[in-house]
Amino acid sequence: MKPQPPKGTRDYLPPEMARRESALATVKGVFERYGYAPLETPALERLDVLIGKYGEESDRLIFRILKRGERGKRGEVDLGLRYDLTVPLARVMATHQDLPKPFKRYQIQPVWRAERPQRGRFREFFQCDVDCVGTASMLADAEIVAILHETLTALGFRRHRLSLNHRRILSAFMDAAGVRADVRTAAIRAIDKLDKIGKEGVEKELEKSGTTGEAARHILGMLLEPETVSFEAYVAAAEKAVGASDAGRAGLEEMKQLASYLGHFGVPEEVLSFDLHMARGLDYYTGPIYEALIPEAGLGSVGGGGRYDFLIAQLGGPDLPATGASFGLERLIALKAEQEEVPPAAYSQVLVAVYDETVLAEGLAAAAELRAAGLKAEIYLEPQAKLGKQFSYADAKGIPFVVVVGPEELARDVVQLKELASREQREVPRAELTAALAALVAKL
RNA sequence: GUGGGCGUAGCUCAGUCGGUUAGAGCGCCAGACUGUGGAUCUGGAGGUUGGGGGUUCAAGUCCCCUCGCCCACCCCA
């Protein structure tokens with residue numbers, strides 16, 4: 001038995017945490033600049049809150065927790081680990097009905113899915129959610145999409161794509177094609193794979209799922225090639241696809257408004273792709289849906305979202321429209337790491353190395369003084385250790401500076417200050433240490 | 001849940017037609033450099049070969065079971 005974290009989960013060691021925290025700061029920065037405020041909720045939710053919101057497939061992937069005591073021994077279950085952050089938000093809106101609307105919150109916490117892990121897929125991963133509750137305006141949807149774009153840009157991505165569609169258009173599309181009600185979900189799933197398997201693949205999938213003949217031909221005839229699709233082409237196709245359906249036409253009107261707002265938010269057309277086939281898996285979406293992709297990644301989407309106008313009411317809350325999106329932090333970081341080689345930042349800026357215990361008091365005083373000035377300073381915790389060992393510790397941890405406190409220096413009231421990368425060392429008067437180091441750190 | 005691949009030192013791996021004390025590189029620890037890191041050299045620690053059973057004179061190697069990891073599907077961030 002090897003001590004390992006559970007399947008599909010990971011330890012985040014300090015160098016990894018440096019990368020995560022830097023990415024998190026970027027993401028939070030964008031969210032907060034748009035006026036979204038942080039929210040956290042428990043890892044656990046009552047099972048009845050979680051079940052029946054995502055779809056049958058996903059319900060099976062919810063981690064369930066046995067009841068405590070006798071009932072648990074009989075296999076009874078009443079709690080589950082949260083599967084995403086949207087349902088917990090909807091539950092919060094039902095719980096705290098006096099929150100000012102529109103309620104704009106972001107939430108960055110782990111979620112759990114009882115899946116079999118794979119590349120880019122974990123059983124525990126962090127989602128970065130931004131949502132706006134309490135308005136049906138397409139302005140809110142446009143803002144969410146703009147945030148998706150701005151976040152990816154701020155993280156350094158240049159070739160991302162935002163795929164957009166609308167659930168009601170999709171619905172009307174299926175109706176107009178004459179897809180049987182019982183295979184409709186399967187048909188939607190089939191066309192959602194267009195990007196991955198192409199038109200021929202979709203045709204096979206449709207067949208497999210029970211959509212054939214006229215209906216299949218109608219669907220395939222409407223699908224546009226899976227590269228970036230212009231809004232004009234989408235509108236033309238969607239108008240035909242939805243036929244006379246009122247709901248479909250209403251959806252199309254919303255998409256027109258959304259597209260126009262996106263222009264005002266400054267989202268460049270090149271990153272937008274309007275895709276009649278894009279579906280999203282979760283059941284609770286009711287309006288516009290979005291998906292963020294890094295085309296060459298081969299990891300699936302890095303983010304997605306959409307409007308879910310009935311979810312809060314479904315949980316017994318008020319009838320509040322809502323929209324939002326979320327990023328998968330691990331995927332973003334994995335792709336970012338591929339793009340650029342960022343040396344992991346050291347947590348300490350300076351190590352105070354003491355020659356021996358006779359100067360330990362001086363070393364501790366120097367470290368304290370550096371910390372008081374706001375520098376991240378640590379002292380080597382074994383004062384009898386040789387200087388060589390203390391230096392290699394600093395080197396291994398990537399600490400950029402070492403201050404040597406020794407008897408010779410003490411006699412002359414100075415310390416040695418060395419920058420490891422350049423190997424430059426100079427002697428500075430003890431009284432000037434903090435100022436000298438602060439200046440050097442500022443230049444890094 | 002379905003299908004496939006792989007488990008040898010902390011990490012990456014080697015280990016022949018089964019053959020006797022299971023190896024290397026990296027990392028780690030110590031020393032060479034008697035107040036200074038990354039380089040080089042020397043030495044050292046570290047393995048119930050994932051676990052259990054079987055075949056055999058003999059199993060890291062072959063067979064079965066089990067556990068774990070990886071990849072793909074389903075689905076998704």
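Every value quoted in this text rests on a predicted model; they were computed, and no experiment measured them.
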Taking the [atom1] atom of each, how far is [N] from [M], in whole Å?
N: B:rA22; M: B:rA59; atom1: C1'; result: 13 Å
N: B:rU20; M: B:rG1; atom1: C1'; result: 48 Å
N: B:rG52; M: B:rC57; atom1: C1'; result: 23 Å
N: B:rG37; M: B:rC29; atom1: P; result: 14 Å
N: B:rA58; M: B:rU42; atom1: P; result: 41 Å
N: B:rU55; M: B:rA72; atom1: C1'; result: 35 Å
N: B:rA9; M: B:rG23; atom1: C1'; result: 10 Å
N: B:rC6; M: B:rG44; atom1: C1'; result: 33 Å

Item to check | Among B:rG35, B:rC69, B:rG38, the one nearest A:E408 by side-chain distance | outcome: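 Among the listed nucleotides, the one closest to the side chain of A:E408 is B:rG35.
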
Item to check | Closest nucleotide among B:rC71, B:rA77, B:rG38 to the A:R119 side chain | outcome: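 Taking heavy atoms from C-beta onward, the closest nucleotide is B:rC71.
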
Item to check | Paired stretches of RNA chain B - 3 or more consecutive Watson-Crick or G-U pairs, each distance under 3.5 Å | outcome: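 Stems found: B:1-7 with B:67-73, B:10-13 with B:23-26, B:28-32 with B:40-44, B:50-54 with B:62-66.
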
Mind checking if [X] touches a base, just sugar-phosphate, or nothing, with heavy atoms under 4.0 Å?
X: A:V404; result: base
X: A:L329; result: nothing
X: A:E330; result: nothing
X: A:R280; result: sugar-phosphate
X: A:E56; result: nothing
X: A:G55; result: nothing
X: A:F122; result: base

For atom [atom1] of [X] and atom [atom2] of [N], their distance in whole Å:
X: A:D11; N: B:rG10; atom1: CG; atom2: P; result: 17 Å
X: A:I294; N: B:rC76; atom1: CD1; atom2: P; result: 19 Å
X: A:Y285; N: B:rC76; atom1: OH; atom2: P; result: 10 Å
X: A:D84; N: B:rC76; atom1: CG; atom2: P; result: 12 Å
X: A:L293; N: B:rA77; atom1: CG; atom2: P; result: 11 Å
X: A:E357; N: B:rG35; atom1: CD; atom2: P; result: 17 Å
X: A:L387; N: B:rG38; atom1: CG; atom2: P; result: 13 Å
X: A:W112; N: B:rA77; atom1: CH2; atom2: P; result: 16 Å

Checklist entry - Does a distance-only test, which skips hydrogens and angles, find a donor-acceptor pair under 3.5 Å between the side chain of A:E115 and the base of B:rG1? => result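 By the distance-only test, no, there is no pair.
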
Checklist entry - Does a distance-only test, which skips hydrogens and angles, find a donor-acceptor pair under 3.5 Å between the side chain of A:R60 and the base of B:rC75? => result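 There is none.
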
May I ask you to verify if any side-chain N or O of [X] is less than 4.0 angstrom from the OP1 or OP2 atom of [N]?
X: A:R189; N: B:rC75; value: yes
X: A:K386; N: B:rG31; value: yes
X: A:Q118; N: B:rA72; value: yes
X: A:R116; N: B:rC71; value: no
X: A:K389; N: B:rC29; value: no
X: A:K397; N: B:rG37; value: no
X: A:K196; N: B:rC73; value: yes

Check: [Y] main-chain N/O paired with [X] side-chain donor or acceptor under 3.5 Å:
X: A:R331; Y: A:G120; answer: yes
X: A:R46; Y: A:G80; answer: no
X: A:Q384; Y: A:E357; answer: no
X: A:D11; Y: A:L13; answer: no
X: A:E419; Y: A:P400; answer: no
X: A:Q349; Y: A:K376; answer: yes
X: A:R430; Y: A:V415; answer: no

Next on the checklist: Ring-plane angle category for A:Y393 and A:Y380, please: parallel below 30°, perpendicular beyond 60°, tilted otherwise.
Outcome noted: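 Perpendicular, since the angle between the ring planes exceeds 60°.
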
Checklist entry - Parallel under 30°, tilted from 30 to 60°, perpendicular over 60°: which one fits the rings of A:F327 and A:F31? => result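 Judged by the thresholds at 30° and 60°, the geometry between A:F327 and A:F31 is parallel.
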
Checklist entry - Within a strict 4.5 Å, meaning less than it, do heavy atoms of the A:L164 and A:M255 side chains meet? => result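 Side-chain contact under 4.5 Å: yes.
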
Checklist entry - Closest heavy-atom contact between A:L433 and A:V428? => result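 What the structure gives for the nearest pair is CA-CG2, 4.2 Å.
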
Item to check | Pairwise 5' ranking along RNA chain B for A:P117 and A:F125, keeping only the more 5' one | outcome: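 Nearer the 5' end of the strand: A:P117.
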
Next on the checklist: Return whichever of A:A396 or A:G406 has its heavy-atom-nearest nucleotide of RNA chain B closer to the 5' end.
Outcome noted: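 Final value for this comparison: A:A396.
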
Checklist entry - Can you list, by residue number, the residues of residues 416-427 of chain A that have a non-hydrogen atom closer than 4.0 angstrom to RNA chain B? => result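 Per residue number, the list reads A:Q416, A:K418, A:L420, A:R423, A:Q425.
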
Item to check | Steps toward salt bridge (charged side-chain N to carboxylate O under 4.0 Å, His left out) verdict (A:K204, A:E207) | outcome: CA-CA 5 Å; A:K204 281 185 204 140; A:E207 209 168 312; over 6 Å; no

Checklist entry - Does the side chain to side chain contact (heavy atoms under 4.5 Å, CB included) test come out yes or no for A:L332 and A:L152, once each step is laid out? => result CA-CA 9 Å; A:L332 289 176; A:L152 291 170; 3.7 Å; yes

